[in-house]
Amino acid sequence: MKQERSMSVGRGVVVAVSLLGCGGGAELESINALDSVGQEIVGGIEARPGSHPWIVSLQSHGSHFCGGSIIRTGPSNESHLVLTAAHCIADASSGLTVVAGAHDLTRPMAGQVRVPVKLTVPHPAYDPDTTMNDVAVLVLESPIQFNPSIAGGCGQSPNMRPNLAPQLTPGATPVPVCLPTPGEQVPDNVMTTVAGWGLTREGGYEASSILRQVGVPTVSSRQLASMYAPHGIRINPQAMLGAGYAQGGKDACQADSGGPLVVMGAQGYTLQGITSFGIGCARPGLPGVYARVSNYIPWILQQIQLHPLH
Ligand code: ARG
């Protein structure tokens, strides 16, 4: 049971991602053609460049293995803190970097930046056996500069699909994602957007060098718990959030972990989930499971205070 749960961010994924550089484009395009309107990662679509301006690729010695999201730490227009999944950094060694402002990992964008990770801080109650509290903060060596146009804001991305009228992208300049309020509840059956450079097929070597996104609706905690119970996995509704379709087909997958699940909120796109685990990817009746960010706001604010920029 344990290894059925797709927690591994090990060598296989890193290999898969680096293989992708040499092909797979045709495959990705045919998926695009099948679903050009909605969002569509497994069952997803290519993101518009720069339309998830808070996302980072977390890399070990230059190889992508997880995602993360830049958060605001104060009024200044820069940040040195990234949220990711604790399981991403469980056996993290040295040589971790984050890449912000990226789209195609094989072709650096203008304005793309790579920053070394100074410190990894897993949630103290993270439990690798139950995947409870799968949240971590990365403290960067130096701050990432935000797009000057966002002032004190967060979650601004006028270009994100499925918006029909793309506007001129102001380059790939990072913008922090908004954080939910403490204990904020995302209603059931609300559309969310998940993004990442992860596998486009369960068990596949078809990882994406290009940022992809997928739209998946939230699932009630009771339903989520009843879907995972037969597999011996306990869902804690305070700590976990489920999103996916009953028929499957659309989901996050390996190497998407740590990345954002966002919902449009009052101020902008809000980080309601951190990609955490699933059984396989996009299987019917098995939604993706995300760390419920609104449960961790006091801890996140504490980390912001404990790790000041200067
Ligand atoms: N845990 C996996 C990772 O490390 C991905 C989790 C998402 N899986 C899913 N089916 N939603 O990248």
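These values consider heavy atoms only, across backbone and side chains, with no hydrogens, waters or symmetry-generated copies. Whatever order the structure lists them in is the order used to number ligands and atoms, beginning at 1. Here the structure is a predicted model, which means the values were calculated and not measured.
Residue-to-ligand polar distances place S276 within reach of ligand 1: an N/O pair is separated by less than 3.5 Å. Distances between N or O atoms of I279 and those of ligand 1 include no value under 3.5 Å. Inclusion of H87 in the set of residues having an N or O under 3.5 Å from an N or O of ligand 1 is warranted.
Close to ligand 1: G280, with a non-hydrogen atom less than 4.0 angstrom away.
Looking at S257 against ligand 1, both its backbone and its side chain come within 4.0 Å, counting heavy atoms. Of the heavy atoms in C66, none comes closer than 4.0 Å to ligand 1. With a heavy-atom cut-off of 4.0 Å, A85 does not touch ligand 1 at all. The part of D256 lying near ligand 1 is the backbone, judged by heavy-atom distances below 4.0 Å.
In this structure, the side chain of N147 does not engage the main chain of P174 through any donor-acceptor pair within 3.5 Å.
Numbered from 1 in the order shown, with element, the atoms of ligand 1 that lie under 4.0 Å from a heavy atom of A255 read 3 (C), 12 (O).
In this structure the side chain of N133 never reaches within 4.5 angstrom of the side chain of W299, judged on heavy atoms.
Applying the side-chain contact (heavy atoms from CB on, under 4.5 Å) criterion to A225, with sequence neighbours excluded, gives I235.
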